[in-house]
Number of protein chains: 2
Amino acid sequence: MPPRKTGHAKAQSFPAPNHDHAACATDALARAERLCRARGVRFTEIRRCVLKAIWQSHAPIGAYDILAGLNAKGARHAPMVVYRALEFLQANGFVHRVASQNAFIGCAHPDEGHDSQFLICRKCGTVAEIANAAVSTALANAAPGFAVESRTVEISGVCPHCKDHSHA
Amino acid sequence: MPPRKTGHAKAQSFPAPNHDHAACATDALARAERLCRARGVRFTEIRRCVLKAIWQSHAPIGAYDILAGLNAKGARHAPMVVYRALEFLQANGFVHRVASQNAFIGCAHPDEGHDSQFLICRKCGTVAEIANAAVSTALANAAPGFAVESRTVEISGVCPHCKDHSHA
DNA sequence: GAATGGAATGTTATATCGTAACATTCCTCA
DNA sequence: TGAGGAATGTTACGATATAACATTCCATTC
């Protein structure tokens, strides 16, 4: 699959603090449900709950925090439950692992390719996923003779919003 | 510091399986010693041992494997010892953390900038560090409005050597 | 509407990775 | 030669992740 023609690469792709996040989460769950049906795989209750926990915000969440959410209503799930759900969700492109934080983030376009990059705000924790064609091209050409299978590109810094509010 | 003018970006930068690795390790330790002296910081025995363990190969090594090496001769060091040494070695640019593997790799040019990328061979575990100017430029331009502070770029795949020998 | 077989989940235990907190020792320098 | 910061020793614990096996669920087939 060719790289997306971006537009995601804009700074505006950074989720605004005041955006309608409930809609984000609802949409993500609906997309996942639809794609699972289309793919003939099961979007079970546990998988739904884990994905919902991940979409609580645009900041990465750890597996054990997800577990705490699962067990909040009295259940006594073991960590395996979460990790198995995460494996499924990653395999289907619904979530990404943020390697630099050992945590997980929802993907807003699980039906597209995942040659993407992550911008991680050190201040608010928000992560933006972008798919910059120039970066993809540069990476593809950076390693002649090396057969690329997967990429981890995570950029830490301060997001536009936090930068604007740091005149303290 | 501006990005290096590469040359590191060539596939040849991948360590050959039959290279003189003893020299790699010896050189790395000598460089570290020299730089520590120049910087007025202490290159202690523990730090030397940890760096030596990391330079046993060009594959990332986990903190507890390093610890096992430290304790091989009967010592009973605690994990903290290793993590503290790693913190020092990272701060001085002698080692890098490979986030996607929770492991550590030696740096062959600790006196230069570290706007680099890692190629990780899935088959032999070898990691090559490159500093591709096009990648750096693309990353710098990928996130307008985002104040970049650090980058994690790790590319997994199959190295040239393993690819050549997979006609089985 | 059973039988069946693979997918999903339950459960226990353990491996692996990383740090907090405080005591002690070491080294440099005035 | 003491004073003070750097480094290490030590104990304890927190955080992340998986192995292995038992059980349950569910779509399909007969």
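Lettering of chains follows the sequences in order, A, B, ..., and the numbering in each one begins at 1. This is a predicted model, so every value here is computed, not measured.
The stretch residues 49-67 of chain B has no heavy atom under 4.0 Å from DNA chain D, so no residue of it qualifies as close.
Under the side-chain hydrogen bond (donor to acceptor under 3.5 Å, both in side chains) criterion, A:Arg97 pairs with A:Asn102, sequence neighbours left out. In this structure, A:Arg47 has no salt bridge (charged side-chain N to carboxylate O under 4.0 Å, His left out) partners at least two apart in sequence or on a different chain. Shown here are the side-chain hydrogen bond (donor to acceptor under 3.5 Å, both in side chains) partners of A:Arg39, two or more places apart in sequence or in another chain: A:Asn92. Under the rule for a side-chain hydrogen bond (donor to acceptor under 3.5 Å, both in side chains), the partners of B:Glu154 that lie at least two apart in sequence or sit in another chain are B:Ser100. With sequence neighbours excluded, the residues forming a salt bridge (charged side-chain N to carboxylate O under 4.0 Å, His left out) with B:Glu149 are A:Arg122, listed by chain and number.
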Return a table of donor-acceptor pairs under 3.5 angstrom between the side chains of residues 60-74 of chain A and protein atoms on other chains or two or more places apart.
residue: A:Asn71; atom: OD1; partner: A:His77; partner atom: N; Å: 2.8
residue: A:Asn71; atom: ND2; partner: A:His77; partner atom: O; Å: 3.2

Listed pairs under 3.5 Å, donor-acceptor, residues 27-35 of chain B side chains, sequence neighbours left out:
residue: B:Arg31; atom: NE; partner: B:Ala108; partner atom: O; Å: 3.4
residue: B:Arg31; atom: NH2; partner: B:Ala108; partner atom: O; Å: 3.4
residue: B:Glu33; atom: OE1; partner: B:Arg48; partner atom: NH2; Å: 2.4

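When the C1' atom of C:dT11 is taken as reference, atom CG of A:Leu70 falls 16 Å away, rounded to whole Å. For B:Glu87 and C:dT19, the CD to P distance is 8 Å, given to the nearest whole Å. The distance from atom CZ of B:Phe43 to atom P of C:dC27 is 16 Å, rounded to the nearest whole Å. One interatomic measurement links the two molecules: CZ of A:Phe104 to P of D:dA15, which rounds to 16 Å at whole-angstrom precision.
The terminal axes of the helix from C:dG1-D:dC30 to C:dA30-D:dT1, fitted over 5 pairs per end, subtend an angle of 20° to the nearest 10°.
Residue B:Tyr83 has no polar side-chain atom (N or O) positioned under 4.0 Å from OP1 or OP2 of C:dT19. Applying the 4.0 Å criterion to OP1 and OP2 of D:dA17, one finds that A:Asn102 has a side-chain N or O inside that range.
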Give the B/S/- string for nucleotides 5-10 of chain D, one per nucleotide from 5' to 3', where a protein heavy atom under 4.0 Å of the base yields B, of only the sugar-phosphate yields S, and otherwise -. BSSBBB

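Here the side chain of A:Lys123 pairs no donor or acceptor atom with the backbone of A:Cys159 at under 3.5 angstrom. The backbone N or O of A:Asn132 sits less than 3.5 Å from a side-chain atom of A:Gln117, completing a donor-acceptor pair.
The hydrophobic cluster containing A:Ile120, built from Ile/Leu/Val/Met/Phe/Trp/Tyr side-chain heavy atoms closer than 4.5 Å, also comprises A:Val98, A:Ile105, A:Phe118, A:Val127. The hydrophobic side chain of A:Met80 is isolated, with no ILVMFWY side chain under 4.5 Å apart from it.
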